[in-house]
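Scroll down for the structure; my scribbles are underneath it.
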Protein chains: 2
Amino acid sequence: MPTPHYGQPRYRVIADELRQRIKGGVIPPGGLLPTESVLTAEFRASRGTIRQAIAVLRDEHLVVTEHGRGTYVNPHQHESRPGDGRETETRQRQVPADPEIAALFAVEAGTTLVEQQDVTRINGAVEAVVRAYRLRREKQ
Amino acid sequence: MPTPHYGQPRYRVIADELRQRIKGGVIPPGGLLPTESVLTAEFRASRGTIRQAIAVLRDEHLVVTEHGRGTYVNPHQHESRPGDGRETETRQRQVPADPEIAALFAVEAGTTLVEQQDVTRINGAVEAVVRAYRLRREKQ
DNA sequence: AGAAATTTGTCCGTATGTATC
DNA sequence: AGATACATACGGACAAATTTC
């Protein structure tokens with residue numbers, strides 16, 4: 001909300017939320033964080049504040065940021081036993097919305113959505129496939 | 001020259017004046033109050049006094065102050081249940097694997113998978129749809 | 001291969017919150 | 001009361017790296 005009286009600065013609250021998503025696996029190792037613009041919309045905070053929040057996670061070595069690319073969750077967070085390989089492959093693409101998802105977003109079926117797919121493998125075998133859909137960002 | 005108002009603290013006099021401007025429509029609902037600096041110059045009072053005056057109006061819910069923005073005249077005097085924030089709805093179901101996912105799991109297309117769908121809403125509007133697919137666990 | 005759109009990097013200006021002297 | 005300093009926060013603008021079309 002516009003004016004949450006603080007016991008804590010906004011950027012720390014946002015950082016905490018993002019850290020929870022990472023630790024909770026909502027954003028897997030190697031996965032891409034939402035862009036600064038998306039986070040701006042989601043948290044209704046200015047870009048500077050979002051960047052400050054991400055800087056916190058970067059200081060914790062929880063994420064790494066690449067110019068023009070985005071911010072990734074550091075895959076080398078906890079190395080497990082050798083041989084017990086857990087790896088995640090991320091891909092982002094644009095897809096037409098199926099009727100069900102279109103209804104959720106309140107758009108026409110076929111509307112272009114952004115799909116981020118994370119494939120997690122354990123010892124080579126696919127363990128889970130996660131697909132996150134979002135509206136493609138218009139000018140803002 | 002304005003005679004000093006003894007009998008009433010300065011910040012109350014200023015608060016009264018500002019309240020009159022708001023009630024009188026000089027500053028419309030949703031409108032921005034003059035900045036503290038401007039008010040400081042106008043009333044020839046210290047910033048602390050000005051802030052105290054604004055605090056009075058804030059206590060009356062007549063204005064809302066936003067950090068880094070300014071102080072607005074409250075547009076909704078009577079209703080204030082924004083419902084706030086983010087909520088996630090989770091649903092689990094079984095679905096047949098589409099060819100692409102089937103290939104990832106190395107199973108036949110149409111094989112039953114467990115799909116967990118999380119729908120995140122922000123203020124009612126769908127922000128993201130996340131679908132996680134896993135192989136169905138067989139009983140043992 | 002080139003143009004347009006995305007996304008992060010950086011800087012400036014303004015405003016409020018808090019603390020100190 | 002006043003002055004100053006710093007942290008937090010918003011908004012705009014432009015540059016640089018990358019991806020998409």
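Predicted, not measured: the structure shown is a model, and the values here were computed from it. Throughout, protein chains are lettered first and strands after them, A, B, ... in sequence-line order, and every chain is numbered starting at 1.
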Assign a letter to each nucleotide of nucleotides 8-13 of chain C from its 5' end: B, base within under 4.0 Å of a protein heavy atom; S, sugar-phosphate only; -, no contact.
BBB---
According to a strict under-4.0 Å criterion, is A:Tyr11 in side-chain N/O contact with OP1 or OP2 of D:dA9?
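No, because none of the side-chain N or O atoms of A:Tyr11 sits under 4.0 Å from OP1 or OP2 of D:dA9.
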What verdict does the side-chain contact (heavy atoms from CB on, under 4.5 Å) test give for A:Leu39 and A:Arg47, after you've listed the backbone C-alpha separation in whole Å, the side-chain angles of each residue and the deciding distance to 0.1 Å?
CA-CA 8 Å; A:Leu39 293 175; A:Arg47 199 176 152 222; over 6 Å; no
Assess whether a salt bridge exists between A:Glu66 and A:Arg58, defined as any Lys/Arg side-chain N lying under 4.0 Å from an Asp/Glu carboxylate O.
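No, no charged N to carboxylate O under 4.0 Å.
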Ionic contact status for A:Glu100 with B:Arg131, cut-off 4.0 Å:
yes
Any protein N or O atoms within reach of nucleotides 2-4 of chain C? Criterion: under 3.5 Å, listing atom names and distances.
none

Rounded to the nearest angstrom, tell me the gap between atom CZ in A:Phe43 and atom P in D:dG11.
16 Å
Quick one: A:Ile14 CD1 to D:dA9 C1', roughly how many Å, whole number?
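Taking atom C1' of D:dA9 as the reference, CD1 of A:Ile14 is at 10 Å.
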Check for a donor-acceptor pair, side chain of A:Arg21 on one end and backbone N or O of A:Leu33 on the other, with a separation under 3.5 Å.
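Checking the backbone N and O of A:Leu33 against the side chain of A:Arg21, no donor-acceptor pair under 3.5 Å is found.
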Is it true that A:Ile22 and A:Val13 fall in one hydrophobic cluster, defined by side-chain heavy atoms closer than 4.5 Å?
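As far as the 4.5 Å side-chain criterion goes, A:Val13 and A:Ile22 are not connected within one cluster.
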Within one Ile-Leu-Val-Met-Phe-Trp-Tyr cluster: A:Tyr11 and A:Leu18, side-chain cutoff 4.5 Å
no
Could you measure the distance from the CZ atom of A:Arg12 to the OG1 atom of A:Thr49? Nearest 0.5 Å is fine.
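It is 13.0 Å, given to the nearest 0.5 Å.
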Does a donor on one side chain and an acceptor on the other come within less than 3.5 Å for A:Ser37 and A:Thr40?
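No - no donor-acceptor pair under 3.5 Å links their side chains.
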